[in-house]
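These figures come from a predicted structure and were not determined experimentally.
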Amino acid sequence: MKTYHRLFLSMLCSAALCAQAAPAAWQDDLTPITKAEWTSDSAAHLLERAGFGGTPAEVKRLSSMGPTRAVQALVQYQKVNNPMPAFEPSGVHDAGLEPFATSRPAATDLARETGEALGVKIKPEGNRRMQQVADRFLYWLRASRMETHRLSYWWANRMLNTQRPLEEKMSLFWHGHFATSEEKVRDYRKMEKQNALFRAQATGNFRTLMLAVAQDPAMLAYLDAAVNVKGAPNENFAREIMELFTMGVGHYSEKDIREAARAFTGWNYAGLNFVNNPDLHDDGMKTVLGQSGEFDGEEVIDILLAQPVTAEFIAAKLYRYFVREDLSPALQTQLGALLREQNYEIAPFLEVLFSSRDFYSDASVASRIKPPVELVISTYRKLGLHSVPGIPDFNDLTESLGQKLLFPPNVAGWANGKSWITPGLLLARGNFVYDTMFPPIDFVATDRVPDQRYQIISVADKLALGLDVTTATKPEGKEMTSMSMQGDRDEDFNTRLASYHAWRKAIENVKPILRSPAKLALSEMVRDAGCTTAEQAVDHLLTRFLSTAIDADTRQKITAMLAADLGTDDLTRADSYMEDALRNTLHVILSLPAYQLG
C-alpha cells in the first residue's frame, strides 16, 4: 500500500504537469490576465477554485464574459439573485435546558443540591429520583448532534445549488480558519448562528468578522469564555487569536498572551447572545505587543490587526487556499501589503487574486488536491444533481474522507494539501465514487442508529422482553452480584437507561434526513452532448469532470473498456442499455489521480 501511495502521489504530480499550458513566466505575477489570454479552460479553473466547479453550460457562460466580468460576477455576488430555503429546525430545544450543564455529573449534582436541573424536578421519593435529569442531559447531546447533521446537509445543499458559489466557498474557508466544533459546543443553534455569520461576512471586512467571531456564542463556548474572568484569566482564546486567527506562530510572547487574556475577561454568552460582564472584566493596565493601556478585547484586536505580519498571515492563508500551496516570501510580503492597503477588505483582495496571471499560471492550475467537501460537492454539481443524496450519507462520507462539516478535528481546523491523500483516504475516495454510481442496497442511516458502545439496542430488546431495568442495563458479559443489584435498586439514576431514553426521544423529535440515492442520468448526459461513439462519450466525461488532461494511452484504455462493456462502439446501438456501462466508465475516470486535482 505504501508503494501504491508513492506511485499515486507521483501520478498526481504528472497529472499536474499535463495541465501546464500557461507561460511559466506568469508565476507570481499579479498582473491581470487579458481578454486575449482568457479561454474556456480559464473559466473552468476559476469556477473550480472560486466555487465548486461547474457544468459545461456554466463554464461556457463564464467564458463568454471575459476575465474582468467573470471575476466580478463571482466576487460581487451580492448582485446575484439567490433564493435559498432557510434551515428548518426540528424544535428540539426549549428554555428549560439553559444554562446547559457542562457534564452529566454537573447536572445530577445540581439536581441533588437544589432538587432541580435542566428544567426537571427530581422525584420527592422512590427509586431513581434523578433519572429524568440524566435522561434530559443525554437527550440534548443526542438531539443537538442529530440536528447538527441535518444542518450540515442543509449547508451542503446550499453549496450544491447556490448561484453565489464564492459565498459558500468563503463560508467554508472561514469555518476552517475559525474552527469550532459541535463536539464541544453541543448546541446546533450556536453552530447555525456562526455559519450564518461566516456567510454574511464571507467577503467583507476582516476586522468586522474577527470582532464578530470573538463575540460569537459558538466560539465563546468552544474556547471556554465562561472561565475567563478577572483574577483568573483563561488563555485559550487569547492564544488562538494570535496563533491561528491573526499573526501565526512566533510573533508574540507568552506575556502577550497572558495580557491579552485579561483584556477579554468578562466576554461571555447567554443563550445565543453575546454578553459583556463589567464586574468580571479586568480593567487594569495591560501591555500587549509593546503597547500599554486599559485595553478591552476590541482594542486588543485592533493592536493585532495593526501588525504587518497579520495582513501577511491572512493574505497567505487565502492565497494557499485559492491559488496554490507554494508561496514565496516576496509574494507573501506583497500580498500582505495589498491587504493592508485595502483595509482588510476581502472582496477586492480576491478580485486581484482571481484576475492575476499567477492564478492561471501552470504552477497554479490543477495543482490543488481537492478537500473532501469540495470533492463531493463538485462531483454532485458536475453530475447535474440538485439535492445532496441521502445514500450514501453525506456526514459519514465526508468524515471517512477526513472533513466532516461542523466537526473540525481541533481549533486549528483541517490540514490541507497532501494530508488529504493517504492510502486509506484514497480507498475512501474511490468508494465514494462507486457508492454514488451504484448506491449500496444495505444502507443503514447511522445518524438514527444508537451508538453501539452503549448497547442501546440490546437494552431496548431486553426491556421489550419484560426484563427489569437492572438486568436490562447490565453490561454484556458482566455478572451482577447481589450487592451491586441492591445498589442498582437504590440508585439515583441509571446512565445506560438514560442513554436508551435519550436516543429514543431524540429519534422521535428530530426530523429525519431524506434518504434517496443520486438520480443519475449519464445516458441523457452523453446524448445531450451529441455523443454517438464510445470515444466521444469518454472525451465528454473527461472534459466535464477533469481539470487536467490525461495521457493518450489512459484515454484509449478507458475508451476500449467502455466499448467492450457496451459490446459496440456505436452509442445508438447501445442506447437502451448503456447507463450502467457509462457509470462504470465514470467510476474509473473519477478514481484517476487527475480527478483529485482542481
Side-chain angles (χ1 to χ4, degrees), residues 15-16 18-23 26-27 29-82 159-170 203 322-324 347 350-368 370 374 377-386 525-531 536-550 555 589 594-595 597-598:
C18 288
Q20 295 184 356
W26 283 12
Q27 184 172 337
D29 184 357
L30 296 183
T31 303
I33 188 174
T34 66
K35 190 171 184 179
E37 296 162 340
W38 179 255
T39 66
S40 60
D41 287 342
S42 306
H45 175 63
L46 178 61
L47 268 177
E48 196 76 41
R49 295 292 180 84
F52 303 92
T55 63
E58 291 170 327
V59 172
K60 183 178 180 180
R61 182 182 66 85
L62 206 67
S63 177
S64 67
M65 294 181 179
T68 302
R69 287 181 54 218
V71 169
Q72 289 176 347
L74 286 170
V75 177
Q76 300 176 20
Y77 53 74
Q78 292 84 357
K79 302 175 183 178
V80 179
N81 186 36
N82 190 44
M159 295 181 203
L160 178 62
N161 293 298
T162 182
Q163 299 301 307
R164 301 174 174 182
L166 183 61
E167 182 178 44
E168 301 304 326
K169 191 73 168 279
M170 281 301 300
T203 58
F322 286 104
V323 187
R324 65 174 182 273
L350 291 179
E351 284 198 36
V352 172
L353 286 190
F354 296 153
S355 300
S356 71
R357 285 179 166 179
D358 181 50
F359 182 73
Y360 302 95
S361 71
D362 56 12
S364 301
V365 173
S367 64
R368 179 174 181 264
K370 298 175 189 174
E374 294 179 35
I377 297 299
S378 67
T379 300
Y380 293 161
R381 283 183 74 106
K382 291 172 184 177
L383 283 168
L385 302 184
H386 297 291
M525 182 185 293
V526 298
R527 284 192 210 104
D528 290 347
C531 302
Q536 291 174 351
V538 168
D539 284 347
H540 176 72
L541 294 176
L542 289 171
T543 301
R544 184 181 184 110
F545 286 91
L546 269 58
S547 299
T548 180
I550 63 171
R555 174 181 168 276
I589 290 172
Y595 189 63
L597 297 169

Asker: Under the side chain to side chain donor-acceptor pair (under 3.5 Å) test, which residues partner Arg368, sequence neighbours left out?
Answerer: Glu374

Asker: Do Leu160 and Phe52 come close enough that some side-chain heavy atom pair is under 4.5 Å?
Answerer: no

Asker: Is the backbone N or O of Arg61 less than 3.5 Å from a side-chain atom of Ser64, with the two atoms forming a donor-acceptor pair by type?
Answerer: yes

Asker: If you take all heavy atoms of Gly598 and Ser547, which pair is closest and at what distance?
Answerer: CA-OG, 3.8 Å

Asker: For Lys370, check side chain to side chain contact (heavy atoms under 4.5 Å, CB included) against everything at least two apart and list the hits.
Answerer: Glu48, Leu375, Ser378, Lys382, Tyr595

Asker: What's the shortest heavy-atom distance between Gly54 and Val59, and which atoms?
Answerer: O-CG2, 4.3 Å

Asker: List the atom of Ala363, the atom of Gln27, and the distance in Å for their closest heavy-atom pair.
Answerer: CB-OE1, 3.4 Å

Asker: Excluding sequence neighbours, so at least two apart, what forms side chain to side chain contact (heavy atoms under 4.5 Å, CB included) with Ser63?
Answerer: Trp38, Ser40, Ala43

Asker: At what distance, to the nearest 0.5 angstrom, does OG1 of Thr548 lie from CG of Leu597?
Answerer: 7.0 Å

Asker: Could you pull out all residues at least two apart from Thr55 that satisfy side chain to side chain contact (heavy atoms under 4.5 Å, CB included)?
Answerer: Ala57, Glu58, Arg544

Asker: Checking Asp358 now: which residues fulfil salt bridge (charged side-chain N to carboxylate O under 4.0 Å, His left out) with it, not counting sequence neighbours?
Answerer: Arg324

Asker: Kindly write out the residues that satisfy salt bridge (charged side-chain N to carboxylate O under 4.0 Å, His left out) with Asp539, not counting sequence neighbours, or none if the list is empty.
Answerer: Arg555

Asker: Please list, chain by chain and in numerical order, all residues satisfying salt bridge (charged side-chain N to carboxylate O under 4.0 Å, His left out) with Arg49, sequence neighbours excluded.
Answerer: none

Asker: Give me the atom names and distance for the closest heavy-atom approach of Ser364 to Phe359.
Answerer: CB-O, 3.4 Å

Asker: Quick one: side chain to side chain donor-acceptor pair (under 3.5 Å) partners of Thr34, sequence neighbours excluded?
Answerer: Glu37

Asker: Roughly how far, to the nearest 0.5 Å, is the CE atom of Met170 from the CG atom of Leu350?
Answerer: 5.5 Å

Asker: Counting only pairs under 3.5 Å, give me each side-chain donor-acceptor contact of residues 65-78, with atom names and distances, residues two or more places apart or in other chains.
Answerer:
from  : atom 1 : to     : atom 2 : distance (Å)
Gln76 : OE1    : Lys79  : NZ     : 2.9
Gln76 : NE2    : Glu351 : OE2    : 2.9
Tyr77 : OH     : Thr203 : OG1    : 3.1

Asker: Under the side chain to side chain donor-acceptor pair (under 3.5 Å) rule, collect the residues that match up with Ser356, sequence neighbours excluded.
Answerer: none

Asker: Can you name the residues that form a side chain to side chain donor-acceptor pair (under 3.5 Å) with Thr39, not counting sequence neighbours?
Answerer: Ser42

Asker: Rounded to the nearest 0.5 Å, what's the gap from CG on Leu46 to CG on Asp41? Could you check?
Answerer: 12.5 Å

Asker: Excluding sequence neighbours, so at least two apart, what forms side chain to side chain contact (heavy atoms under 4.5 Å, CB included) with Asn82?
Answerer: Met84, Arg158, Thr162, Gln163, Arg164, Glu167

Asker: Please report the closest heavy-atom contact between Phe322 and Ala50, naming both atoms and the distance.
Answerer: CE2-CA, 4.5 Å

